[in-house]
Amino acid sequence: MKTAGWSRKASPFHAGEQEVQERMGVRDRIEKLGRRVVRDYLPEQHREFYGLLPFLVIGTTDDEGRPWVSVLTGPPGFITTPDAHHLRIESQPLYGSPLAETLAIGTHVGILGILPENRRRNRSTGRIVGIDAAGLTIALDQTFGNCPQYIQTRAIDFLPTITAAPMASREIDDGDALDAAARQLIERSDTLFVATAYLPEEDQGESPEFGADASHRGGSPGFVRVEDDRTFVFPDFSGNFHFNTVGNIVRNPRAGFLFIDFESGDLLYVSGRAEIEWDGPQVSAYEGAERFIRLHVESWRRVRQSLPLRFEFGEYAPNLEGLGSWDQMDARLAADAERNAYLPYEVSRVEDESDVVRSIYLKRADGKPVAAHEPGQFLPIRVQPAGQETPAMRTYTVSDAANGSEYRLSVKRENDGLVSRFIHDELEPGSRIEAMAPRGKFKLDRDSDRAVVLVSAGVGITPMIAMANALIADGAGRAIHFVHGARDGASHAFAAHLRAQAEGNPGFHVHTAYSRPRPEDHLGTDYDHEGRVDVERLKRVLPFDDFDFYLCGPQAFMQDLHDDLVAMRVPAERIRYESFGPATVFDRSAPPAPKPVSATVPVKVRFARSGVDAEWQPDSGTLLDLAEAQGIDAPFSCRSGICGACATRATCGSVDYVEEPTADAADDEVLVCCSTPRAPEGDSCGDEQGLVLDL
């Protein structure tokens with residue numbers, strides 16, 4: 001009787017796959033999982049599955065080392081398993097298929113069995129050990145089941161006239177630059193198949209973790225973008241974290257692709273060199289993309305009406321709904337370019353989260369996607385309460401993970417708070433306010449693989465909800481401990497949401513403390529203990545593990561927790577906290593910051609967008625003060641370098657900070673609220689100016 005899992009001492013993953021797993025922070029977890037799910041044989045369930053298939057996707061490499069993807073077809077039953085270690089395929093390559101040229105004893109193959117009708121699939125790797133007039137036999141090296149993500153359902157029909165003569169001559173087009181028909185097929189496809197291979201010369205491909213691989217990628221029609229007649233690119237979404245395809249590309253950039261015209265039966269084979277775009281503005285702006293894979297085409301071949309099958313579309317994979325598109329990405333990048341401008345937003349809905357916290361949902365008034373944000377960042381807004389002569393500006397945390405279409409702000413009513421009362425009393429669906437793009441340094445570290453502890457009190461829950469929702473959506477498997485303190489059940493925002501997340505996600509753990517519970521608040525149901533959240537409570541709640549801590553709440557709450565965690569030898573870099581205005585936390589373990597400097601001579605400043613030239617003097621104050629003195633309506637909120645609302649592009653010259661900012665700014669931006677111009681060095685800005693601001 002076969003034992004489940006990988007029985008060999010060596011890892012089931014080669015160095016390229018391991019490198020990507022390390023990069024994505026899942027190496028240890030996936031090594032353990034891989035040893036359970038990757039096998040060197042087919043379990044009975046998978047043997048039965050291959051017998052149901054009407055087609056099989058196969059990846060091979062040619063004599064020049066170029067990977068290609070091919071298809072073998074036959075009525076269900078054309079694939080059999082003589083034993084758990086072999087596949088017998090009674091079929092011949094289709095006319096014009098690259099497999100006809102790569103078919104040989106010893107050829108490494110990647111195998112993808114996929115049944116679109118029910119979204120089942122199985123992947124295997126192996127080598128061809130037998131070829132005869134009826135078909136071929138493959139000895140298996142690795143096999144594993146694959147998740148149903150991104151598979152569109154389709155019913156399959158045979159065409160008897162084609163099935164009877166699948167290798168009959170067909171019309172073939174080929175080249176090294178994609179023609180118009182090839183580009184059109186690629187850009188309307190919702191499915192592609194990809195072949196990669198890693199066969200290190202020193203190993204000669206004898207180890208089972210090396211070899212060819214065949215895989216599937218799916219998305220909404222148009223998820224593959226043709227950049228020119230020799231290049232196309234597509235987003236790579238979250239998968240099973242094995243990174244077989246990506247790991248192969250890391251070590252061997254050659255890749256082959258197959259696009260199927262499901263209506264005509266045309267097959268488009270493409271081979272070239274792949275590159276991975278790991279990060280950058282475009283990857284961040286494409287919702288759901290973890291990276292882009294780009295192929296530089298070297299050769300392609302289209303065989304008309306080749307496939308003896310036709311497919312009747314059923315429905316798209318349900319998880320496509322949360323993914324972006326190229327148009328949305330372009331729009332979000334355009335929105336990011338406007339990040340320092342106040343733009344009109346419309347309230348789409350309003351929801352009460354507790355007796356004191358209300359959420360407003362904001363969409364851009366022009367219908368465009370909103371700029372991207374990271375969980376934990378905040379949104380600068382500008383509102384005009386009734387009776388106020390000038391607009392009021394505030395910053396509020398975005399309280400949900402990014403979705404590309406809207407922001408959610410969850411605001412506590414403060415009786416003496418002008419803007420919070422305005423939000424609670426005056427805003428309703430259809431109301432309009434203005435907002436910049438989100439910003440802030442308090443962000444979730446998504447590259448870490450450590451367990452996460454989110455500790456909040458009161459309305460400090462808002463960034464934690466965003467982080468928790470993002471972590472769950474990422475599906476990276478990090479344990480999440482959500483520890484929150486509230487006065488009572490009436491003031492506890494998002495209580496029902498947290499309970500639902502805990503019930504639906506085994507790795508999500510919630511602990512709630514009420515400082516003054518009401519009679520109707522039930523211990524063990526509504527809350528877990530009476531009192532406040534402190535480090536002693538964390539010791540009782542948390543298992544022994546290595547954590548990343550995130551803190552948000554009143555200043556004293558965060559300061560005490562921060563000091564106590566540092567005293568427990570938690571590295572300061574693993575303790576992140578929201579720092580805003582009076583709630584600033586001081587890291588007493590850090591060395592003192594260098595003393596700020598400021599120019600002592602007059603400096604000429606040009607406000608380029610306003611067309612104003614001014615001279616800054618040592619008694620002029622900050623650059624924001626100088627701008628206001630010139631009648632320039634510069635954006636700001638906190639005036640202390642905490643919120644980042646005043647970030648302005650400096651096209652020439654440099655600044656010094658009179659108060660070291662905690663907000664982040666792009667490399668070409670300065671925070672004018674807490675900076676002064678640096679005395680010019682040479683004539684870097686010409687003879688007239690020491691600093692040029694895009695303001």
Side-chain angles (χ1 to χ4, degrees), residues 280-281 285 330-345 364 366 368 370-372 379-382 390-391 393 395 434-440 596-695:
D330 292 338
R332 292 181 74 175
L333 289 172
D336 286 338
E338 302 170 314
R339 67 187 305 270
N340 291 327
Y342 276 108
L343 302 174
Y345 283 77
R364 279 187 54 155
D366 58 11
K368 295 180 180 179
V370 299
L379 188 75
I381 67 170
R382 184 164 67 184
T390 58
M393 290 168 281
T395 56
E434 293 180 313
M436 291 186 181
R439 59 205 65 207
V597 297
S598 182
T600 58
V601 297
V603 179
K604 292 182 178 180
V605 178
R606 169 165 291 170
F607 298 96
R609 206 178 334 146
S610 303
V612 174
D613 291 332
E615 185 174 78
W616 178 90
Q617 298 283 349
D619 62 354
S620 295
T622 65
L623 285 164
L624 177 59
D625 295 328
L626 181 66
E628 291 176 331
Q630 306 302 313
I632 297 171
D633 185 17
F636 74 93
S637 182
C638 67
R639 299 191 82 104
S640 57
I642 294 174
C643 73
C646 67
T648 302
R649 194 164 68 95
T651 59
C652 191
S654 303
V655 303
D656 293 305
Y657 287 101
V658 296
E659 182 176 348
E660 191 62 28
T662 58
D664 57 352
D667 292 341
D668 62 348
E669 290 180 334
V670 299
L671 302 178
V672 297
C673 75
C674 57
S675 63
T676 60
R678 181 176 296 175
E681 299 175 358
D683 59 352
S684 59
C685 288
D687 297 332
E688 297 298 322
Q689 307 299 331
L691 178 67
V692 179
L693 298 173
D694 185 23
L695 190 63

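Here the structure is a predicted model, which means the values were calculated and not measured.
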**Item:** Selection residues 611-622 - residue pairs positive for salt bridge (charged side-chain N to carboxylate O under 4.0 Å, His left out), sequence neighbours left out
**Value:**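 Every pair satisfying salt bridge (charged side-chain N to carboxylate O under 4.0 Å, His left out) with a residue in residues 611-622: Arg606-Asp613.
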If you look at every heavy atom in [X] and [Y], which pair is closest and at what distance?
| X | Y | answer |
| --- | --- | --- |
| Pro281 | Leu333 | O-CD2, 3.6 Å |
| Ala679 | Val603 | CA-CG2, 4.0 Å |
| Leu695 | Pro635 | CD1-CD, 3.9 Å |

Please round to the nearest 0.5 Å and tell me the distance separating atom [atom1] of [X] and atom [atom2] of [Y].
| X | Y | atom1 | atom2 | answer |
| --- | --- | --- | --- | --- |
| Leu626 | Trp616 | CG | CH2 | 9.5 Å |
| Cys646 | Leu624 | SG | CG | 6.5 Å |
| Leu691 | Phe607 | CG | CZ | 8.0 Å |
| Glu669 | Thr648 | CD | OG1 | 7.5 Å |

**Prompt:** Can you tell me if Tyr657 uses its side chain to pair, donor with acceptor, with the backbone of Val670 under 3.5 Å?
**Reply:**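 No; judged by distance alone, with no hydrogens or angles, the pair does not exist.
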**Asked** When you look at Thr676 and Leu623, which way does the side chain to side chain contact (heavy atoms under 4.5 Å, CB included) test go after all the steps?
**Response** CA-CA 6 Å; Thr676 60; Leu623 285 164; 5.5 Å; no
Can you confirm whether [X] sits close enough to [Y] that some side-chain heavy atom of one is under 4.5 Å from a side-chain heavy atom of the other?
| X | Y | value |
| --- | --- | --- |
| Pro391 | Tyr342 | no |
| Pro380 | Arg439 | yes |
| Ile381 | Thr395 | no |

**Message:** List the residues meeting side chain to side chain donor-acceptor pair (under 3.5 Å) with Thr622, not counting sequence neighbours, and say none if there are none.
**Reply:**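 Listed in chain order: Asp625.
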**Asked** Of all residues at least two apart in sequence or in a different chain, which pass the side chain to side chain donor-acceptor pair (under 3.5 Å) check with Arg382?
**Response**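 With sequence neighbours excluded, Arg382 shows a side chain to side chain donor-acceptor pair (under 3.5 Å) to Glu434, given in chain and number order.
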**Which residues share a salt bridge (charged side-chain N to carboxylate O under 4.0 Å, His left out) with Arg332, sequence neighbours left out** =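 With neighbours one apart ignored, the set is Glu287.
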**Item:** Which residues share a salt bridge (charged side-chain N to carboxylate O under 4.0 Å, His left out) with Glu628, sequence neighbours left out
**Value:**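 Listed in chain order: Arg639.
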**Request:** Walk me through it: do Leu343 and Arg364 pass the test side chain to side chain contact (heavy atoms under 4.5 Å, CB included)?
**Result:** CA-CA 8 Å; Leu343 302 174; Arg364 279 187 54 155; 3.6 Å; yes
**Request:** Please list, chain by chain and in numerical order, all residues satisfying side chain to side chain contact (heavy atoms under 4.5 Å, CB included) with Arg649, sequence neighbours excluded.
**Result:**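 Thr651, Asp668, Asp694.
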**Request:** Apply the test side chain to side chain contact (heavy atoms under 4.5 Å, CB included) to residues Asp656 and Arg678: give CA-CA distance (whole Å), side-chain angles for both, the deciding distance (0.1 Å), then the verdict.
**Result:** CA-CA 6 Å; Asp656 293 305; Arg678 181 176 296 175; 2.7 Å; yes
